Amino acid sequence: MSGLITGLVLLALGALAAASSIVARRPDAQAYIERMVPYQGWFGFITCLWGAWIIINAIINLNWFSYVPVWWVTYLATGLLIASLGLLLGYALLTKYVLNHSAEAAQRGEQIRAMIVPYQTMLGYAAIVLGLWTIVATFLYRIV
């Protein structure tokens with residue numbers, strides 16, 4: 001069940017991150033994306049923290065790589081994408097609630113954000129693809 005939720009979250013993050021490109025290709029998608037935009041800050045804030053937890057959990061469970069490398073790589077890539085897109089979409093709230101306690105943390109957060117911004121659309125499409133793979137893999141894993 002968590003794989004399905006993770007896949008859907010990746011699809012939503014990808015759609016928000018690549019919204020301008022998606023709307024340029026499919027103008028009918030604008031209505032759906034506009035429904036999510038008011039919540040993008042909080043969605044990004046929560047998913048950034050969730051993505052950080054997934055990354056930590058993947059590192060803790062590095063032993064998965066020895067017997068299920070595809071799932072471990074998928075898990076780590078999921079964490080990286082969720083955390084980076086969450087940072088982009090929820091940066092204002094992250095700065096307000098998490099990074100404002102330390103000038104050094106705020107500066108480092110801005111540096112990471114500046115590195116990711118040029119790749120926002122590409123990361124959005126990667127999140128959509130990974131979200132679809134995660135949903136399919138969830139059902140494949142249950143069958144096997």
Side-chain angles (χ1 to χ4, degrees), residues 1-66 68-141:
M1 182 63 125
S2 66
L4 182 62
I5 293 169
T6 302
L8 294 173
V9 166
L10 280 166
L11 290 174
L13 280 171
L16 285 169
S20 60
S21 176
I22 291 171
V23 169
R25 292 182 183 172
R26 299 274 322 246
D28 57 318
Q30 184 169 0
Y32 299 109
I33 291 173
E34 284 178 353
R35 290 182 187 167
M36 294 188 293
V37 168
Y39 310 104
Q40 111 177 5
W42 281 105
F43 188 57
F45 177 77
I46 293 166
T47 57
C48 182
L49 298 177
W50 181 27
W53 172 248
I54 292 173
I55 294 167
I56 292 167
N57 201 21
I59 292 169
I60 290 171
N61 294 300
L62 192 59
N63 62 335
W64 293 356
F65 190 75
S66 63
V68 283
V70 171
W71 305 126
W72 185 84
V73 169
T74 299
Y75 192 57
L76 181 63
T78 298
L80 291 170
L81 271 173
I82 288 176
S84 61
L85 289 175
L87 176 71
L88 286 174
L89 298 176
Y91 186 74
L93 290 174
L94 279 165
T95 301
K96 182 177 179 180
Y97 293 114
V98 178
L99 302 177
N100 69 344
H101 301 297
S102 164
E104 185 178 317
Q107 181 183 12
R108 182 69 180 140
E110 181 57 38
Q111 288 172 346
I112 293 170
R113 182 182 170 279
M115 289 183 338
I116 299 171
V117 166
Y119 304 104
Q120 181 173 339
T121 302
M122 183 180 67
L123 289 172
Y125 282 119
I128 291 169
V129 170
L130 187 61
L132 292 172
W133 162 247
T134 302
I135 292 168
V136 169
T138 300
F139 290 112
L140 287 177
Y141 181 68

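Note that the structure is predicted; figures quoted are calculated from it, not measured. Every heavy atom of this structure was used, including side-chain atoms; hydrogens, water molecules and symmetry mates were not. The first residue of the sequence shown is numbered 1, and numbering continues consecutively from there.
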Taking the inter-plane angle between the rings of W71 and W133 on a 0 to 90° scale, is it parallel (under 30°), tilted (30 to 60°) or perpendicular (over 60°)?
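If you compare the ring of W71 with that of W133, the planes turn out parallel.
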
Set out, in order, the CA-CA distance, both residues' side-chain angles and the distance that settles side-chain contact (heavy atoms from CB on, under 4.5 Å) for I82 and I55, then state yes or no.
CA-CA 10 Å; I82 288 176; I55 294 167; over 6 Å; no

Is it the case that the side chain of W64 and the backbone of P69 share a donor-acceptor pair, with hydrogens and angles ignored and the cut-off at 3.5 Å?
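It does not hold such a pair.
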
Rounded distance [0.5 Å steps], [atom1] in [X] versus [atom2] in [Y]:
X	Y	atom1	atom2	value
L4	L8	CG	CG	5.0 Å
T47	L81	OG1	CG	11.0 Å
I54	T6	CD1	OG1	5.5 Å

Closest approach of [X] to [Y] (non-hydrogen atoms, all atoms of both residues):
X	Y	answer
L85	A17	CD2-CB, 3.6 Å
T134	T138	O-OG1, 2.7 Å
T74	T78	O-OG1, 2.7 Å
A52	A83	N-CB, 3.9 Å
L123	S84	CD1-OG, 4.1 Å
G86	L13	N-CD2, 4.4 Å

Test ring pair (Phe, Tyr, Trp, His ring centres under 6.0 Å) on F45 and W42 and set out the steps.
CA-CA 5 Å; F45 177 77; W42 281 105; 5.6 Å; yes

Quick one about Y75 and N57 (side-chain donor to acceptor, distance below 3.5 Å, no hydrogens or angles considered), yes or no?
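Yes, side-chain donor-acceptor contact under 3.5 Å.
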
Please say whether more than 12 non-hydrogen atoms of neighbouring residues, nucleotides or ligands are located less than 6.0 Å from CD in Q111.
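Check passes, neighbour count above 12.
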
Using a 6.0 Å cut-off, check whether atom OH of Y125 has over 12 heavy atoms from anything other than its own residue.
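Atom OH in Y125 is packed in, count exceeds 12.
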
Could you walk me through whether F65 and L76 satisfy the side-chain contact (heavy atoms from CB on, under 4.5 Å) test, starting with their C-alpha distance in whole Å, then the side-chain angles of each, then the deciding distance to 0.1 Å, before giving a yes or no?
CA-CA 10 Å; F65 190 75; L76 181 63; over 6 Å; no

